[in-house]
Structures are given as structure tokens and as C-alpha cells.
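Just so it is clear, the values below take in all heavy atoms, side chains as well, and ignore hydrogens, waters and symmetry mates. Note that the structure is a prediction, hence the values are computed from the model and not measured. Lettering follows sequence order; numbering is per chain, from 1.
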Amino acid sequence: MPALDKNYKPADHEPRIWKRWEDSRAFHADPAKVVSGKAKPYSIIIPPPNVTGRLHLGHALNNTLQDILIRAHRMMGFEAMWMPGTDHAGIATQSVVEKRLLQEENLKRSAMGREAFVARVQAWKDEYEETITGQLKAMGCSCDFDRQRFTMDDICAKAVREAFFRLFRDGLIYRGKRLVNWDPITQTALADDEVVNEEIEGSFYYLRYPLVRHQASGTGHQANAVPITWSELARLGYPGASSQPADQAAWVTVATTRPETYLGDTAVAINPKDPRANALRGLHVQLPLVGRIIPIVEDDYVVMPAKDPDAEGVDAKAKFATGFLKVTPAHDPNDYDIGNRHKLAVINVMAPDASISDKHGWTDIGDAHLFVGLSREDARKKVVAEFKARGLLENIRPYTHSVGHSDRSGAAIEPYLSDQWYVKVTDDKLRAAALRAMTPEQRNTPTARAARSTPQGDGSMTFYPERYARTFETWHENLRDWCISRQLWWGHRIPVWTYIQWGGGHTNSAPTELTQAIEKYLRINGANDPRVTVVIKSPKEVFICAASSEADSLLGIFDDYVDKMHSQRSDWPAGSAAPEPTEMPNEVSRFHNADIASFNTLASYRRVEQDPDVLDTWFSSALWPISTMGWPDTKGNGGDFEALLKAYNSSNVLCTAREIITLWVSRMTMFNRYFMGEGAGHGPVPFHDVFIHAMIQDGEGQKMSKSLGNGVDPLDIISSHGADAMRFTLCDMTTQTQDVRMPVDIFCPHCAKSFEPRKITNQSGYVVAAPTQTCPHCSKSSVSSYGLASGSAKPDAKTPSAKNTSSKFDKGRNYCTKLWNAAKFTMMILEESGGAGSADGPSVHLSDLSQVDRWMIARIVAATQRIEDSLKNYEFNNYAQAVYELLWWDFCDWYLEAIKPTVRTSPAQQAVLRAALDTILRLLHPVAPYVTETIQEAFGGYLRAPVQGLALPPSQTGLLCSAPWPHLSLDLASSPALKAVDAEFSRVKGLVDAIRQARSGQAVEPRRKVTLHSPPELADLIRGAQGVVETLAGLEKVVAEAPAGNTQGAVVVFEGRELLLSNLKDAVDPAVERTALTEGAAKLEKEIAVLEARLANPGYADKAPAKMVQETRDTLARKQAEVGAMRRRLEELS
RNA sequence: GGGCGCGUAGCUCAACGGCUAGAGCAUUCGCCUUACACGCGAAGGGUUCUCGGUUCGAAUCCGAGCGCGCCCACCA
């Protein structure tokens, strides 16, 4: 039998144990067992970590919690499946790689070309996918690694393709306009996280727009504009108009930081509450030079000017506002929204390089030709000058505001109108389906509350903690359609092709005819999936989306042929003369021979390039619960895919952080219900429970982030403390709160001790560790990566790098060591008293056992129940607390100490000892899998008779990871005898504590055996403990009768009785006892006063529960008795 | 701007209307008691952020304020 080493060194065991788990295939789930009804399912789909970099402690927390749930349920007999994988994280990964290439190889994406660049990102992904998988394994995560997926692998790509096709076919994907963050230098669109805000010293320009009356229909004709004079405005009741020159043209003044965009203005907006709004209703303004006549619209988005701009607390905007807002829908996101609300024209006045242009949507140039071709900066100066020249520039005031800049080129971002793809998530089949998925108890809006009595929801999705249900709910109620196209190269390319009609055709009848033609072509050529959808884009253009990439290639063959024919014969296909059959590829000629009409229809279109954009990362993430299981391919993997979906969709729980409730949880819910419900939105929920855990912050309360460099690699913790210590501490930290702090220490590379880092404040004002650290233990220096932004170079390459750690993990490490020692000791005892032994003997019954044995079993029962409750409610800290107390406080501090004198001669006690450790190992295994499995290797060979009612069946594989969870019989779990022994033993512990305090107070040598003089009333208690009091309190003997007036002893007051300790030492100092008694009595008397006051309160006796009142009376009586005893002893001593 | 959370011992956190407000670490004292010094035994340490209210009873519920943090939106 292998003996345990003196100390537990995680690194000596973790790799070997992982290998044993892997070889046993214990983590591989068989969905067939579930489908056939042989086992109940339990599954978790991992939130796929981004392949942007290594995992940090936030991931460690997330995955530890999932592993605890999976391991516990696996032991409980569920067919447990944890689906692992990673996310391609479009924008984040692309920008990390792009930056790296630029820095290290001076390579630009645009110069490399799409294919070469994507290949480099792919290589990065391969590297980090491997790193991440390695980290998960080192943490002990029992994922089903055979099934590991990646959001861009073939299986997931197929799901993305199918999902896109179905939504497109069902009319839920449409083309819309959107303002993107445009970088005019690199001429690319940027994601929000690539935009950095910079404060710039700009100006507010106050421009006057002449008011006009617009006489005829149609816009933009100067002839239709009649100027309005101030006197006319005064007649309309415009405040202040009468103080202006009566016969001169009136104006309104807009305030703007971007005068050059006035060229694209299509309205002026005023707040409907503004006192001037009434008089202006129905009037227009005319843009100087351009001559465009635009309406004045009322919108409460407009900030009204402050009455007293210098007063404190006035909104910055109100200080500068005039109450008139120029509306430029094509060049400002808010204006775009206002434009939508008032159905305004959208006029883009810029080219992609941000110069003023009349080639991109602006046609009514009027007299504004002088601006065309200017850069936006020059245009601004010119506009201001022209307004000034016409007396229309009212003022310029300096204004500091933040403007988005490209973090690559540094150029100011230009909001740029572009065509994008949207998913119509506001459709009832999506949004409403997600809301219905919620368990009715957690719905909180008024309508939902009213519906609670007659629940209309058909789902059971439950959030833990409950408050996050509201986040989910309100997000959906304010939902807008989801823009899914991204101007990137790394991602799922949008499977839509534009087809242009040759010659003078018109696409009126295109959708049906063209759809049929393509489907025929595909069918004739044996495509597995000939489904295709055509949507009209413009009079001569259509979009087509085919359901498979196979279809794309087949269509490519046809298009190449058509293209070639067209270049040879310019009259074709318009003239519809027969093409040359000899040059036709097989695919084309088959089609030609079978259906010439359809052939001609398809040949009258020319395919242009595939949409260059890729899908938003969250599109593939939203499919993760089904794409990982092979959807839509139910036949694949030998039918395994079908079984997987059947067995594990819905999964049991999603564990994640709250920041992605909206981005991810919502979309998974919508998609799962849509695609698994045949497009009606009635499919199953993706998961039954959603558990939202805390975010880990550093010691300063800052979120751990890559850019701040304060993320901690779990492998660092594993090397300083071990995987189990990390897991235990993370589990112990997981309360229902939303943030937890993790003060970071430096782990010295020289002496392997840790210390608090010296900290500095960096340029951004964050408190981070200083780059160079000196170890207080060995005085050597090291370089800390903590606080170093990702990608930054080490300040000093020669000095060794320190790892990061945290003293918080000491608790977990100490706990694992404690378990190790307790196991070592248990095995030593078993070895010395019968060795391996056998489990065949008759069961040990409660009635066969001593008090402390029965008490140990009572603790096991209580802990098991507490742990099971904690798991059900995702209260991980309670789980950790329960195993901590069971092992340390109950098993080690009391039980092991108590049985030392008797266990070697009592087979019944050995049986309890063995069962207790076995139970602890099983209960703890999900939290600390490595150390428990390591102990099991040695401990598994020791057997003793079973304990009646506590079932601990052996593991089929011999591995603890597949051992059954401890099972308590009903008799044992609700045994009155166990409940009683818990109370009895509490009294024993109380007595031992009291004696220990007295000993410590008198500074009695720890090893000295003393004599206890006990009054007859306590004889039963001491006898009932069967020697445990003597063992634990260090007593030589217990004698009846307390000799009165013995000043060479010390009195112990317990339950209102006086006990005396004698034979303490040679000379006892009565003053010590006197002080202790005096202080103790004073404290008790204070407590007595509180209790008496409570009882004296007439409301208390009347309204509080009778049981509680009685308890108060009992406590009071006991305390009074104790004080009495103390006073009597004090008198003896004086 | 919207939403959410937090403020309890020196530090990190429990306690979710009712025992003397607890634990781990840190501190002090005594012990290398043959499982464990990553340990054992004992001790000190709290105006539960402030003010008001509800209640027989408030760290806990309600209101107001102060401070801190997170998420989302936005910044003419």
C-alpha cells in the first residue's frame, strides 16, 4: 500500500493524477445512456474563452465553479457532460494580432491581403487554444475534451451557415443603414473598443440659419423660400422678436462643434417644451449657400439653454446650448436617430477619406461648390469664414470635449453611414420568446406581474442571484435590432452574394424565378442542400443566400462560365443565343441540357463578390449551445450528434459573469428557442439555470484587465499554492456579491516566498505594482509583470521575472495540507490496527458506538445535507465552509484528538474513522480533486465494516472522480438519536473549553495532567463522554466533590456549577483567578442586564414567539447561576 | 444619463428580522504535546458609514445623505 509523503507537494502529483483521469475516460459522457433512460443528464456548456490570450483568475473562478458542479453531479450518478471550447472573438483577436504584426514585423494588414492575414490569426488562435486547454487541464477541469469545439471550426461554421440561412429565408435578416466608426486614414470601420476617447480643445460655433416660410411642396428650391422678418415672428408670439429690427430677416442660432457638417443638415430641432417652439411650428430654415430648405422639428432630445449658465450644477451642454440643434443624420449617431423619428432625409457629404464630396449622396449643392474637395478641417475653416462674411456667425466659444480617435492611426473618428446586416430580434419569435423563457416568478414588469397568476411564460429559466433576472428582462424590453455585420477579416464571412443582371433586365420577378433556377441547378448537380433564398436589392441587383458552402462552389463554377462567355460574346446572354456546349463544365452542361429556361434565367445574372464583411462574434456565440452538439447535422458523428442534442439541450446551468447577460445569454436564448423550435420561437431554453458569479478585482478594486496588466495567470497560483488550493479559495470566495477583491502578492523567483508588492500610480492614475520589486525575505530583486500592460516589454530583461500570487490562497493551501496530514494519521492508525482490513463485516450500528463516534456521524450527516443544499442554490461559499468545518473543526480538532487513546482497540471506532475520512474525501473531491484523488490512491486499500445507513459504494474505476456520492439512508438522516448526540457533545465541548481556559489562565504546562473535582450534577455528563473530557482537557483523573476553600486550585464555572482544578502547578497565583473571575462576572452581569431589560419590555412577552421568550428566561437563569458561582468563589479567595 | 452592487475587527469576507455580530489571515501569550509550526491551545480587537423611520426586537426592512465600485448607454 503506497504511503503518503511527509508533505503534500501538488506538483509531484497533479500531472500523474490528470493522466490517470484522462486514461480512464471518466470525463467522456455517453448521451446514449441518457436517451435510453439509463442515466439522468447533467450538462454545462462552457462560456468559450476568447483566443486573444491566456486565461486569468476570472476564468479560473468561472471554470472552477463549473467543474465543482460537474464533478459533484457525476458522482451523484448523472451522466455529466461539460462541453469545452474557445471563441474566435473577432475584433479582439484581429486587433491583438494586427498590433503584434505591426510592432514586431512592421506588417500591415492591408498590405498582406485577406488570406495571408487570416492565416496569421489562425496561427495565433492555434497557439492560444492550446495554451488555454493546457490551463484548463492544469486547473483540473473535467471537461469532455473529446468534444472540444471552436466557434470557427467546420462543425460550428455549419451551424452558423444554417442559422444565417434560416433567418434570411424567414425574413428576419435585413439590410439597414448604420453609422459606423470610420477611420479616414486606414479607411476601415472600427469596433467600439478600437476607439479611444481623447479630450480636445475645440470650439462651439454659433451659426445663424435664416428663417423662411416654405411655400410649395418639394424641398431644396430656393424659389419656394420666403424670408421671415422679425416683425412677422413677433406677431407669431416669438419671445424677444420685438426687440429685433422689425423689417430684417429673422434667424435661429444653432450651436455646433462641427460647422462643416452643416452641408448635410436636413432639419433644425427644438425641444417641444421650449417657449419658442409654438411660434416656429411649421416654419423652415434655409441653409446658407446650399440653399436647402429644411424643417424645424420638435424633439425632446434637444437640451434647452440654461437660464443661468454660470450657476453651479448646470449641465455642460445647457451652458452652451441655444436650444436649436442642427440635425445631420448622415454624420452623427444621435442626429441619425432624430432623423429616423422625424423621417428626415439623410445626406452624406463626405468621401471615405473624409473630404467634402458631392459624389457620395449629396446632390443639391446650390452655391456650396466652394467646399467640395476640401478636407474636413479646411472645410470647417471655410464654412466659418463664409458664415462670418455673411454676418451669420454669431459667436465662437472655446469648449473642451472628448472625441473618438482611432487607436491605430490616431485620426479622429468620422461617423460614416454604411450598409449593414441586421437581425430583426424585435420580432416576437425572438424577443418575446426570450422573455417567455423566464420563469414567471422572476418576471417583474407590471404586465408580467399581472400575468403571474395566469402564467403566460412557457419557460423555466431561473437566474441566481435573482436580481439578474431584471437585467435580462429590461434589456429585452428596450431591445433594438441587432447589427450583425462587422468590417473585419477574422470571423464567419457573411454568406450572401450580390447578383447583377446583365444588360437592361429588371429584377421584378427575380426572387421566385431565380430561386427556382438556382435550386434546379443545384439539384441537378447533386448538391446535398439546394435551398436558396433570393432577395431584391435594387432594380438590377439581388442578394442570394444559399444554405451550404457546397452550393457556393457550384454557383461559382456556373458564374465563371457565364463570365467567360460574356467576355467572348458581348450579345450574350441578352440575345439568348445558344452558348457553346463544348466549353461547358459538366455541372453547367448538365443544367443546360435539363432545363434551358432555368439555365437562361440564371445566365442572365452575373455573380459579383461575396459580402466582404464577417458576422458579429456573438452570432456564433449565440449558437454555441447547439453548434457544439452538431446542429443542424443530427446524423453526424455516428448519430452521436442527435443523441447529444436530445440528451443535453437544454443544459442544466450556464455559469457566467454579469457583463455578458445581454450580449450572450439573451441571444443564446432567442436562438435556441428559434432554431430548436422550428422557427416559431417555442423551442427549449438553452439552459434551465443561469448562475452569475462575481467579478474578480485586484487589491485596489480595479477590474482585472489585459490592458492594465493586473490579470493573474492561474498557472502562477498553481505553482505557488497548487491547483486545489486555488480552487478551494475561489469556491470559498464565491458569495452572492458582485465583486470580490484579490490583493496580489509577488512570488519571489529566488526564495519562493511571497510578499506584498511596492506600488506606484501609473500615468493613467491606476495604482499598480512597481516594475522592479525587492524580496524582503531574501533581498533579491525581480521584475513584476503585475501592472505591466499586455504587450509591453519588460523594463529590465536581465532580472528574473516574478510570478504573481495572493495570500488569499494560503487558506486553500493550508486546508489541503491539513487534509493530507489527517489522512496520513488515519492511515497510520488503520495500519497499526489491522492493516488493510475488509468491508465484509457486519455493519456497525449507532447503538454500537461511543458518544464521540455518534457525534462524528452526526456532523457528517449535517455537512452532507448542507453541501447538497449549497449546490442546489449555487452557494459555493457555503460548500467550502461546510467541508472546511467538517474536516478541520469536527474531524481534526475534536474527533481525531478524542479517539487517540481508544481507536486502536475498537474495531467499531476504526469503522467510523475510515467512513469519516472516506466521506470527507468524496464530499471534498469536486472542490479539491487532485489532493483527494492522491489520498485515495493510498487510502482506497484500507477497508473496515460499513456504518449502517451511510452508503459509500466503491468506485468502479478505483478513481475517486467516478466514486459515488455518499448516500444517507432516511433513518440516519432523520435519526433523533443523532440530533440528541449533537446537543450532548456540545456540552462536552463547552466543559473542555472551560477547563482549557482555566488552564491557560493559570499558565499550566500544556502537558501537565491535572485533577478535576466535579460536583455530582456533572458526573453523568463526564461519564457519558466516555473519557473524552479527560483526553481533551488534559485531566489525570476526575474526582467527586469540590473541596471548598482550596486556594491551590482554580475554579471553573460551567453551567452555573463550580468545578475545581487541582494539581495545576507548584504555586498557584490566586490573583490570576481573582482577576479572571471579577472580569467574567462583570461581563456576565452586563449581559444579564440586557436580558432582564428585554424581558421587562411588555411588548416582548406579548408579541415575540413563546419559544423565544422561554429561551431568554433559560439563558438568564443560567447566567445568574454562573455569576452566583463566581461570586461565591471570589469570597473564598478573599 | 440608466441599471446594479458594496460600506461589518488592521486586511479579505460571513451573518439575509431573533442565541454574547462570526471566520480566515494579521497581532499578543504559551507550546517543536510522536498527523500537521501551512500546526496546537489561549487572548485582545467592532458606534455594523451617517441621520431618521418601521418593529417587542434592525448589521439586516423603509427613507434621506456621504463614500466606493461595476455594467450598459452616451458625450451637439
Review point. Taking the side chain as C-beta and beyond, is there a heavy-atom pair between A/Tyr262 and A/Thr256 under 4.5 Å?
Key: no
Practice item. Rounded to the nearest angstrom, tell me the gap between atom NZ in A/Lys808 and atom C1' in B/C13. Key: 6 Å
Check your understanding: Between B/C56, B/G5, B/G41, which nucleotide gets closest to the side-chain atoms of A/Ser1000?
Key -> B/G41
Exercise for review: Would you mind classifying the nucleic acid contact of A/Thr735 as base, sugar-phosphate or nothing, using non-hydrogen atoms under 4.0 angstrom?
Suggested key: sugar-phosphate
Check your understanding: Below 4.0 angstrom from OP1 or OP2 of B/U20, is there any side-chain N or O of A/Arg1094?
Key -> yes
Point to revise | For B/C4, the Watson-Crick or wobble counterpart (both distances under 3.5 Å) | key: B/G69
Practice item. In whole angstrom, give me the gap between the P atoms of B/G67 and B/A76. Key: 27 Å
Point to revise | A/Lys818, nearest nucleotide to its side chain (from B/C13, B/C75, B/G39) | key: B/G39
Practice item. In whole angstrom, give me the gap between the P atoms of B/G22 and B/A59. Key: 13 Å
Exercise for review: Could you please name the option among B/U12, B/C13, B/G18 that lies closest to any side-chain atom of A/Pro743?
Suggested key: B/U12
Review point. Can you find a side chain N or O atom of A/Asn877 that sits less than 4.0 Å from OP1 or OP2 on B/C13?
Key: no
Check your understanding: Contact class for A/Thr817 vs. all strands (heavy atom < 4.0 Å): base, sugar-phosphate, or nothing?
Key -> base
Exercise for review: Take atom P in B/G18 and the same atom in B/C62, then report the distance between them in whole Å.
Suggested key: 15 Å
Check your understanding: With a 4.0 Å cut-off on heavy atoms, is A/Asp993 in touch with a base, just the backbone sugar-phosphate, or nothing at all?
Key -> sugar-phosphate
Practice item. Determine, for A/Glu414 against A/Arg258, whether the closest basic-nitrogen to carboxylate-oxygen distance falls under 4.0 angstrom. Key: yes
Check your understanding: Between B/A58 and B/U48, how far is it from one C1' atom to the other, in whole Å?
Key -> 11 Å
**Study point:** Proximity to the side chain of A/Leu1091 - top-ranked nucleotide from B/G18, B/U20, B/A35
**Key:** B/U20
Check your understanding: Is A/Asp332 salt-bridged to A/Lys326, going by a charged N under 4.0 Å from an acidic O?
Key -> no
Review point. Between B/G18, B/G41, B/G3, which nucleotide has the shortest distance from any of its atoms to the side chain of A/Asp893?
Key: B/G41
Point to revise | Separation of atom CZ in A/Phe320 from atom P in B/C75, rounded to whole Å | key: 17 Å
Review point. Below 3.5 Å, does any donor atom in the side chain of A/Lys811 face an acceptor in the base of B/C25, or the other way round?
Key: no
Review point. Would you call A/Arg813-A/Asp810 a salt bridge at under 4.0 Å N-O?
Key: yes
Practice item. For B/C51 and B/G69, measure between their P atoms and round to the nearest Å. Key: 24 Å
Check your understanding: Closer than 4.0 Å, any side-chain N/O of A/Thr737 to the OP1 or OP2 of B/G5?
Key -> no
Check your understanding: When the nearest nucleotide of RNA chain B is assigned to A/Asp732 and to A/Pro333 on a heavy-atom basis, which residue is associated with the more 5' position?
Key -> A/Asp732
Check your understanding: If you count the non-hydrogen atoms of other residues, nucleotides and ligands that lie under 6.0 Å from CD in A/Glu1005, is the total more than 12?
Key -> no
Check your understanding: A/Tyr884 ring centre to A/Lys811 NZ or CZ under 6.0 Å, with the angle to the axis within 45°?
Key -> yes
Check your understanding: Which value, in whole Å, describes the distance between the C1' atoms of nucleotides B/A15 and B/A9?
Key -> 14 Å
Review point. For the side chain of A/Ala822, counting heavy atoms from C-beta on, which of B/A35, B/C74, B/C31 is nearest?
Key: B/A35
**Study point:** Minimum-distance nucleotide to A/Asn821 side chain [options: B/G18, B/U20, B/A35]
**Key:** B/A35
Check your understanding: Does A/Arg741 have a side-chain nitrogen or oxygen under 4.0 Å from the phosphate oxygens OP1 or OP2 of B/C13?
Key -> no
Study note, to complete from the structure: Of A/Arg1118 and A/Asn1097, the one whose nearest nucleotide on RNA chain B sits closer to the 5' end is A/Arg1118
Study note, to complete from the structure: Separation of B/C4 atom P from A/Tyr464 atom OH, nearest Å, is 21 Å
Practice item. Look at the side-chain N and O atoms of A/Trp889 and state whether any lies under 4.0 Å from the OP1 or OP2 oxygen of B/G22. Key: no
Review point. Which nucleotide sits closest to the side chain of A/Trp888: B/G3, B/U20, B/C40?
Key: B/C40
Review point. Between B/C36 atom C1' and A/Lys6 atom NZ, what is the distance in whole Å?
Key: 7 Å
Point to revise | Under 4.0 angstrom between A/Gln997 side-chain N/O and B/A43 OP1 or OP2 | key: yes
Check your understanding: Between A/Lys900 and B/A35, does any side-chain N or O lie under 4.0 Å from OP1 or OP2?
Key -> yes
Review point. Tell me: CE of A/Met1108 to P of B/G17, nearest whole Å?
Key: 13 Å
Review point. Where the side chain of A/Pro1105 is concerned, which of B/A76, B/G18, B/C36 is the nearest nucleotide?
Key: B/G18
Point to revise | Whole angstrom value for the distance that separates P of B/A14 from OH of A/Tyr884 | key: 17 Å
Point to revise | Distance, P atom - from B/C32 to B/C38, rounded to whole angstrom | key: 16 Å
Review point. Below 4.0 angstrom, N of the basic side chain to O of the carboxylate: do A/Lys1083 and A/Glu1079 qualify?
Key: no
Practice item. Could you walk me through whether A/Asn873 and A/Tyr464 pass the side-chain hydrogen bond (donor to acceptor under 3.5 Å, both in side chains) test, one step at a time? Key: CA-CA 8 Å; A/Asn873 298 307; A/Tyr464 296 83; 5.2 Å; no
Check your understanding: Between A/Arg1007 and B/C32, does any side-chain N or O lie under 4.0 Å from OP1 or OP2?
Key -> yes
**Study point:** P gap between B/C13 and B/C49, integer Å
**Key:** 15 Å
Check your understanding: Of the nucleotides B/C13, B/C38, B/A76, which one has an atom closest to the side chain of A/Phe204?
Key -> B/A76
**Study point:** Interatomic distance, A/Leu325 CG vs B/C75 C1' [rounded to whole Å]
**Key:** 13 Å
Review point. Got a donor-acceptor pair under 3.5 Å from the side chain of A/Gln881 to the base of B/A15?
Key: no
Check your understanding: Under a 3.5 Å cut-off for both distances, is B/C40 Watson-Crick or wobble paired, and to whom?
Key -> B/G30
Review point. Between B/A76 atom P and A/Glu414 atom CD, what is the distance in whole Å?
Key: 13 Å
